[in-house]
Chemist: 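Structure below; questions to follow.
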Amino acid sequence: MDKKYFRSNAVYQIWPRSFCDSNGDGIGDLNGIASKLDYLADLGIGIIWLSPVYRSPNFDYGYDISDYLSINPEFGTLADMDSLIAEAKKRGIRIVMDLVVNHTSSEHRWFVLSKQKDSPYHAFYYWRVGKNGNSEPPNNWTSNFGGSAWTFVPEVGEWYLHLFAPEQPDLDWHNPEVIREVERILRFWLDRGIYGFRCDVINQIWKESLDDGKKKAYVTGQEHYLMKEGNHKILQTLNKDVFSQYDCMTVGETYDVDLLNARRFTDHELDMVFQFEHMNIDKFVLPIFDKKYHPRKLKECLFKWQKGLDWNANYLENHDQTRSIERFGDAGKHWRESGKMLATVLLTLRGTPYIYMGEELGMLDMKPIFTPDEYKDGVDHYVYDTLRKFHFPAKLALKLVHNCNRDNARTPMQWDASKEAGFTTGTPWIKVNPNYEKINAKAEEADPESIRSFYKRLLALRKKDPCLTYGSFEPICTSGRIMAYYRSYEGAMDLIVMNLSGRKVRLPKALYTEKASVLLSNYKGAALAFKKHLRAYESFVCKIH
Ligand code: NOJ
């Protein structure tokens with residue numbers, strides 16, 4: 001296996017609007033990020049993934065880009081970006097940008113021009129005449145954000161396709177000019193010193209046909225555009241023309257991806273993909289409906305992907321998900337132990353680990369939960385209003401929105417115990433989580449037993465121990481609540497053992513008699529040898545002799 005930079009380095013995802021505000025306008029910015037590079041270098045990460053920082057009207061907070069070659073003025077300038085890249089480089093950190101090319105913003109020049117039927121840009125998007133004398137959308141597809149995936153524009157006399165909000169029209173990748181333009185964008189940033197791209201919803205870009213889809217409770221039409229042959233061909237082209245010409249990394253966001261397609265996406269297309277199976281184990285039909293979490297499910301799912309793919313993009317959180325301790329750990333009594341156990345999962349599986357900002361502090365979902373006046377994400381408003389329309393009581397509707405509320409992960413980074421958690425000197429654009437007096441970077445940096453200190457130690461260990469970076473993955477068969485595996489490399493071997501649950505569990509004999517010296521554990525002074533039980537969320541990383 002090659003030893004590319006992304007194999008031995010961890011990625012840290014920043015949602016720029018909420019990371020650090022340098023100018024007091026209540027919105028995080030590039031200079032704010034630059035001011036925290038020492039914090040990130042000290043933590044031990046090697047790559048930053050920036051959620052979109054391009055010019056955008058912010059209907060979907062940057063995932064609607066109106067100019068791919070400039071920076072959102074709220075975040076700074078191109079010069080600030082150049083300086084961030086240079087300052088990061090000085091600290092051994094590379095920067096990956098978000099590439100959002102399934103759709104643009106409806107304010108993008110291409111889309112504005114596309115409204116003229118004789119413009120070459122008309123064919124950049126899916127403009128179609130509707131059914132029934134143009135009175136109904138061209139097909140029955142629904143958008144990921146709810147409602148029809150088509151919007152009618154009277155002045156054009158046609159409908160356009162948007163798999164997300166109406167402000168996010170889909171590009172038509174059948175048009176070779178679209179490929180040419182996107183390649184120009186890729187080169188523009190790579191030539192500026194960017195290390196690669198996280199490719200947004202990249203397995204949906206090729207619409208094979210515009211036929212009606214099978215009716216589904218959530219997103220009708222997917223069978224016509226998820227992971228189609230044309231999709232793979234486009235990525236092969238981008239890889240051949242651009243990615244393979246640079247020392248760069250690419251990771252695809254691939255909803256609903258299966259192993260077969262994931263293997264294809266990672267063969268001369270992208271370096272790795274985000275699969276979503278483990279994000280659904282505590283969901284029932286729709287993301288608003290929670291179901292009981294079973295640790296066994298998490299283990300089975302992670303093992304399946306570890307065994308099935310040579311190199312995974314490992315993550316437990318991102319800007320679209322609620323916080324992981326709330327889902328897979330214990331936000332109460334065992335907040336600290338479970339946070340460290342989840343860090344052990346994230347950083348010892350084979351693949352590139354992705355830490356989401358604040359995850360290293362054990363940040364939690366908003367409590368008391370957001371009210372509709374406080375929601376910033378348009379999806380939350382849509383879901384809440386729809387539930388109310390169907391006569392769900394307000395309290396229940398609030399709770400259901402909370403279950404999948406993306407604002408939970410988008411609250412400001414908690415830097416210290418001062419006003420607004422040290423995120424801004426102004427008024428934050430979104431509410432700061434009131435728990436910042438307890439959970440904040442300053443307090444955790446000073447505390448050797450904190451979740452952050454554990455992340456730091458684990459990141460350092462992962463860097464220097466080739467078993468944890470390049471080593472093979474060998475699962476060990478145990479009961480559902482325990483997750484255990486070996487990572488071996490060139491004759492050396494590590495053993496990782498974890499209790500995924502809050503209950504005391506019995507260890508199989510084979511594990512507690514293992515001749516293993518503890519490299520890291522989330523309980524002070526614990527040893528694995530001759531240990532018969534694991535305490536709540538107890539976890540070990542050991543060297544086998
Ligand atoms: C996936 C992104 O992660 C999400 O935040 C965004 O809303 C959609 N794609 C649309 O771009």
Side-chain angles (χ1 to χ4, degrees), residues 11 13-19 28 49-66 68 72 96-108 111 125 141-147 149 151 160-171 173 182 185 197-207 218-219 221-222 225-227 231 250-257 265 270 272-276 278-280 287 313 315-324 354 356-357 359 375-383 401 404-411 430:
V11 180
Q13 183 194 352
I14 290 179
W15 207 71
R17 208 175 176 78
S18 294
F19 192 62
W49 151 24
L50 287 181
S51 276
V53 292
Y54 314 89
R55 192 179 280 271
S56 161
N58 282 328
F59 280 101
D60 190 14
Y61 291 111
Y63 285 91
D64 49 329
I65 298 170
S66 55
Y68 291 88
N72 183 342
V96 164
M97 291 179 88
D98 220 302
L99 180 75
V100 187
V101 288
N102 172 68
H103 45 268
T104 66
S105 154
S106 53
E107 292 185 17
H108 194 288
F111 188 70
Y125 297 88
W141 295 6
T142 53
S143 134
N144 282 275
F145 289 165
T151 291
Y160 68 88
L161 175 71
H162 51 86
L163 294 184
F164 293 87
E167 292 81 7
Q168 295 166 296
D170 279 44
L171 283 166
W173 282 83
V182 169
I185 295 164
F197 297 95
R198 172 266 187 190
C199 309
D200 190 64
V201 291
I202 203 67
N203 60 339
Q204 323 195 347
I205 60 174
W206 183 265
K207 283 73 182 177
Y218 183 56
V219 200
Q222 287 183 323
Y225 58 78
L226 266 190
M227 298 170 286
N231 197 152
T250 48
V251 53
E253 185 204 28
T254 50
Y255 282 119
D256 265 351
V257 74
F265 282 128
L270 302 165
M272 56 198 134
V273 292
F274 292 122
Q275 59 82 18
F276 281 79
H278 62 306
M279 290 291 114
N280 292 328
Y315 73 99
L316 296 171
E317 288 186 15
N318 64 38
H319 63 292
D320 293 331
Q321 305 290 336
T322 53
R323 293 286 184 176
S324 59
Y354 289 74
Y356 180 67
M357 64 179 206
E359 189 173 1
Y375 297 156
K376 297 292 172 187
D377 186 14
V379 183
D380 299 336
H381 285 283
Y382 177 82
V383 177
V401 175
C404 62
N405 189 333
R406 306 197 296 180
D407 286 332
N408 280 311
R410 299 175 181 188
T411 59
I430 190 174

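Since this is a predicted model, take the numbers as computed values, not measurements. Remember, it's 1-based here, ligands and their atoms both numbered in the order they're listed.
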Chemist: Between the side chain of Tyr54 and the main-chain N/O of Asp98, is any donor-acceptor distance below 3.5 Å?
Modeler: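 Yes; judged by distance alone, with no hydrogens or angles, the pair exists.
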Chemist: Taking the inter-plane angle between the rings of Tyr375 and His381 on a 0 to 90° scale, is it parallel (under 30°), tilted (30 to 60°) or perpendicular (over 60°)?
Modeler: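 Perpendicular: the ring planes of Tyr375 and His381 meet at over 60°.
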Chemist: Does the N or O separation between Tyr255 and ligand 1 drop below 3.5 Å for any pair?
Modeler: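 No.
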Chemist: Considering only heavy atoms, does Arg198 approach ligand 1 within less than 4.0 Å through its side chain, its backbone, both, or neither?
Modeler: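 Just the side chain.
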Chemist: Please assess Thr151 against Tyr160 for the test side-chain contact (heavy atoms from CB on, under 4.5 Å), listing each intermediate value before the final yes or no.
Modeler: CA-CA 6 Å; Thr151 291; Tyr160 68 88; 3.8 Å; yes
Chemist: So, Asp380 and Arg406, do they make that salt bridge, N to O below 4.0 Å?
Modeler: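 Arg406 and Asp380: not salt-bridged.
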Chemist: Could you list the atoms of ligand 1 found under 4.0 angstrom from a heavy atom of Arg410?
Modeler: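 Here the atoms of ligand 1 in question are 5 (O).
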Chemist: Val201 heavy atoms, cut-off 4.0 Å: which ligand 1 atoms fall inside?
Modeler: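 By the 4.0 Å cutoff, the relevant atoms are 9 (N).
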Chemist: Only one of His103, His162, Lys207 clears side chain to side chain donor-acceptor pair (under 3.5 Å) with Asp170; which?
Modeler: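 Only match with Asp170 under side chain to side chain donor-acceptor pair (under 3.5 Å): Lys207.
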Chemist: Where's the contact between Phe145 and ligand 1, heavy-atom distance under 4.0 Å: side chain, backbone, both or neither?
Modeler: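 The side chain, only.
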Chemist: Return yes if a side-chain donor-acceptor contact under 3.5 Å exists between Gln168 and Ser106, otherwise no.
Modeler: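 Absent: no donor and acceptor within the cut-off.
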Chemist: Check each atom of ligand 1 against the heavy atoms of Arg406 and keep those under 4.0 Å away; list them by number with element.
Modeler: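 By the 4.0 Å cutoff, the relevant atoms are 4 (C), 5 (O), 6 (C), 7 (O).
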Chemist: Among all protein heavy atoms, pick out the one at the shortest distance from atom 11 (O) of ligand 1; state its residue, atom name and that distance to 0.1 Å.
Modeler: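 Nearest neighbour among protein heavy atoms for atom 11 (O) of ligand 1, to 0.1 Å: Asp200 OD2, 2.7 Å.
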Chemist: Decide whether the shortest distance between a heavy atom of Gln321 and an atom of ligand 1 is less than 4.0 Å.
Modeler: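 It does not, in that no heavy atom of Gln321 comes within the 4.0 Å cut-off of ligand 1.
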Chemist: At less than 4.0 angstrom from any non-hydrogen atom of His103, what atoms of ligand 1 do you find?
Modeler: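 What qualifies from ligand 1 is 10 (C), 11 (O).
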Chemist: Looking at Tyr255, Phe59, Tyr61, Phe145, which one forms a ring pair (Phe, Tyr, Trp, His ring centres under 6.0 Å) with Phe164?
Modeler: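 Among the candidates, only Phe145 passes.
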Chemist: Can you report which non-hydrogen protein atom sits closest to atom 3 (O) of ligand 1, along with the distance?
Modeler: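 The closest heavy atom on the protein side is Asp320 OD2, 2.5 Å.
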Chemist: How far is atom 6 (C) of ligand 1 from its nearest protein heavy atom, and which residue and atom name does that atom have?
Modeler: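 The protein heavy atom lying closest is Asp60 OD2, 3.3 Å.
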Chemist: I'd like to know if Tyr61 contacts ligand 1, where contact means a heavy-atom distance under 4.0 Å to any ligand atom.
Modeler: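 Tyr61 does not count as a contact of ligand 1 under the 4.0 Å cut-off.
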Chemist: I'd like to know whether Lys376 forms a salt bridge (charged side-chain N to carboxylate O under 4.0 Å, His left out) with Asp407, so could you lay out the CA-CA distance, the side-chain angles of the two residues, the decisive distance to 0.1 Å, and finally the verdict.
Modeler: CA-CA 7 Å; Lys376 297 292 172 187; Asp407 286 332; over 6 Å; no
